[in-house]
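Here the structure comes first, spelled out in structure tokens, and everything after it is commentary.
Proteins get letters first, then strands, A, B, ... in listed order; numbering begins at 1 in each.
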There are 2 protein chains.
Amino acid sequence: MATIKDVALHSQTSVGTVSRYLNGYQVKIENRHKIEKAIEELGFSINLMAKGLKTNITMTVGILIPTLSNIYSTKIIEGIEHYLDDFGYSILVCDSRDDVKIEKQKLKFLQDKHVDGIIIMPVDRYDSGKNIQETIDSGVSAVLIDRLTQGVTCDAVVSDNVNASYVVMQHIIERGHRKIGIIAGDQKIYTAYERLLGYKRALQDYNLPIDDNLIGYSDYTKIGGSKTVNEILEKNTDCTAIFATNYETTISTVKAVLDRGYTIGQEISIFGYDQTELAEITEPPISLVIQPIEDIGKKAAEFLIKRMKRDMANFPSIKRLATKIITTDSIRNIL
Amino acid sequence: MATIKDVALHSQTSVGTVSRYLNGYQVKIENRHKIEKAIEELGFSINLMAKGLKTNITMTVGILIPTLSNIYSTKIIEGIEHYLDDFGYSILVCDSRDDVKIEKQKLKFLQDKHVDGIIIMPVDRYDSGKNIQETIDSGVSAVLIDRLTQGVTCDAVVSDNVNASYVVMQHIIERGHRKIGIIAGDQKIYTAYERLLGYKRALQDYNLPIDDNLIGYSDYTKIGGSKTVNEILEKNTDCTAIFATNYETTISTVKAVLDRGYTIGQEISIFGYDQTELAEITEPPISLVIQPIEDIGKKAAEFLIKRMKRDMANFPSIKRLATKIITTDSIRNIL
DNA sequence: GTGAAAGCGCTAACAC
DNA sequence: GTGTTAGCGCTTTCAC
């Protein structure tokens, strides 16, 4: 592997000149040609490690996400990758497997790798914050996505969960439903917490009781979701509608309701979350909350670029992106 | 940020000793304690860039995939990440946006980053190979996943597309269907090519004609898929079954058929590809080919680890993983 | 077993 | 504008 020194020798210039050429500084036109020729002939390619050692800049951004294997996560990653690509950054991807301990470990790891910035979806509302703040204190820029967490001062991009949930409930309530079940998630997760909050707030505003029997706390997985749906349906024979607050439990809800022999939008109305595809192939299609996934990634990358350039205007900012609601006959009008 | 030198000073040893300690060599027990104490107190953490510069090892693996935003890709990435994690490797993720030129560029980029190995899903069967081989020649280990491509000598992990497709067709044919449409993909893509091959082979083996009108070449996207389905259905009013050969077109096929007012498994039978969730929520569920996605990632990582350790036994190996077939009433028995 | 020192490939300060 | 050179933090001989 040819080095800058070889190029200097081969082009009869010096390492300084070659380095300057490489970094876009003024170089005599004649030397520029000689250098380009040498680079070409030697197949030279810069050693980013050596460069990084010197400059402390790696042009790498770490992404730390609870789990990689769902479309939500990947679309975010893709959004980030595409945005950062134009700036020459590459991304180091880690998952925390929904575990604060692993999250802490990976954070340390990213620090060791000297990433220039980190985009992170915190595992939980309470414990993730401290670790993230420590990382920030060590000097790397960070941006939170999808979820907020306690004790961190940095930019964040989240979607408007409370409002989405509230609007969904409005829609359901205004069609005459009174016993509305919700498949909530672990309240340590920021989004799960906010979505339940919107549910409760809507009930209160409409003077409807908050009935604990109608609130099912699932683990937000498909299997856990099924269990929760069935529990709610068994405890509440008068339940007419169910709001599933994430993608996985939306699937379980549809499946559980179908398995019970009900028709969606008849015996049971369903409102779900994320992923339009599904909405299109059930009969009737499912009403859904659609999050601006790509935008979350893009916005987060935008923030990060800005902060990595040490532009600290309006720090910290929280960007709350609006969600869209698709309504279909999956919510029956029983008025 | 404390360096090895600080640790040496603080522990009254030398940089050599600290380095030896860090790399697991014998160190006098007394020094070991002093060093550990110093590391603790200084919050020392090794600079992987400096280490990499010296050793030419980055403990980083590049992953290059045509697109990040589908579950197929991410499950593979997750499988790789989890496997490599245990060995201390991290992953640098890039997407080639289905473009050989970008693929080449990113390959070069990963080389510059001095990744120790690369796992790549080539964009196409013909042109990707040359670029990949060049990268391999430069000294990094590489493993192909999902798709093979011309002119590359390295390990590969793919799923058994031809056979999967063949078995699907057997199933459909044996239920009496004769006019079977296929939503194929760009034949430059290895998997698309193989799946169509299995389709044709089955028809031949059953002495059925290969009718070009029944073969639709889609771009493997949801929108393109819909168009292709409708074309086939319009050109062939006697078509009774459709085989969609990837996830996106499976969705479009279901949707297009539903939009035409047909009942799945009645007027039109459908066989699809990937992603069990869908299969569960349509009525009837869709028959599907299920690929061993996680295994592909894991196996690829396994190969790579082996090769990075310079263990060249059985090089190159092609691992063809078996797919599973789920059959449902979406394929009507018309005998 | 250990310390001293060379050097990995690069950047940037310096003197010209 | 350019060449020379110190030094980023580490590993690895070498001599002890």
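Residues that satisfy the salt bridge (charged side-chain N to carboxylate O under 4.0 Å, His left out) test with K108(B), not counting sequence neighbours, are D112(B). With sequence neighbours excluded, the residues forming a salt bridge (charged side-chain N to carboxylate O under 4.0 Å, His left out) with K299(B) are E302(B), listed by chain and number. When the side-chain hydrogen bond (donor to acceptor under 3.5 Å, both in side chains) test is applied to T55(A), no partner is found at least two apart in sequence or on another chain. Legend: residues meeting side-chain hydrogen bond (donor to acceptor under 3.5 Å, both in side chains) with N31(B), ordered by chain and number and at least two apart, are absent. Annotation: ring pair (Phe, Tyr, Trp, His ring centres under 6.0 Å) contacts of Y21(B) (sequence neighbours excluded): none. Residues passing the side chain to side chain contact (heavy atoms under 4.5 Å, CB included) test with H82(B), sequence neighbours excluded: D95(A), R97(A), E78(B). Applying the side-chain hydrogen bond (donor to acceptor under 3.5 Å, both in side chains) criterion to N70(A), with sequence neighbours excluded, gives S73(A).
Summary of helix geometry: the two end axes of the helix from dG1(C)-dC16(D) to dC16(C)-dG1(D), each defined by five base pairs via their C1' atoms, are inclined to each other by 40° (rounded to 10°).
A salt bridge does not link K75(A) with E81(A): every distance from a Lys NZ or Arg NE/NH1/NH2 to an Asp or Glu carboxylate oxygen is 4.0 Å or more.
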With a 3.5 Å cut-off and sequence neighbours excluded, list the donor-acceptor pairs that the side chains of residues 137-156 of chain A form with protein atoms.
from: D137(A); atom 1: OD1; to: Q133(A); atom 2: NE2; distance (Å): 3.0
from: S138(A); atom 1: OG; to: Q111(A); atom 2: NE2; distance (Å): 3.2
from: S138(A); atom 1: OG; to: T135(A); atom 2: O; distance (Å): 2.7
from: D146(A); atom 1: OD1; to: Y72(A); atom 2: OH; distance (Å): 2.4
from: R147(A); atom 1: NH1; to: P122(A); atom 2: O; distance (Å): 3.0
from: R147(A); atom 1: NH1; to: V123(A); atom 2: O; distance (Å): 3.2
from: T149(A); atom 1: OG1; to: D124(A); atom 2: O; distance (Å): 2.8
from: T149(A); atom 1: OG1; to: R125(A); atom 2: O; distance (Å): 3.1
from: T149(A); atom 1: OG1; to: G129(A); atom 2: N; distance (Å): 3.3
from: D155(A); atom 1: OD1; to: R307(A); atom 2: NH2; distance (Å): 3.0
from: D155(A); atom 1: OD1; to: S317(A); atom 2: N; distance (Å): 2.8
from: D155(A); atom 1: OD2; to: R307(A); atom 2: NE; distance (Å): 2.6
from: D155(A); atom 1: OD2; to: R307(A); atom 2: NH2; distance (Å): 3.4

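Extent of DNA chain D lying under 4.0 Å from chain A heavy atoms, first and last nucleotide in 5' to 3' order, is dG1(D) to dG9(D).
Screening residues 27-36 of chain A for salt bridge (charged side-chain N to carboxylate O under 4.0 Å, His left out), with sequence neighbours left out, gives R32(A)-E36(A).
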Nucleotide N/O to protein N/O under 3.5 Å, stretch nucleotides 9-13 of chain C:
from: dG9(C); atom 1: N2; to: A50(A); atom 2: O; distance (Å): 3.4
from: dC10(C); atom 1: OP1; to: N47(A); atom 2: N; distance (Å): 3.0
from: dC10(C); atom 1: OP2; to: I4(A); atom 2: N; distance (Å): 2.4
from: dT11(C); atom 1: OP1; to: N23(A); atom 2: ND2; distance (Å): 3.1
from: dT11(C); atom 1: OP2; to: S19(A); atom 2: OG; distance (Å): 2.7
from: dT11(C); atom 1: O2; to: K54(A); atom 2: NZ; distance (Å): 3.3

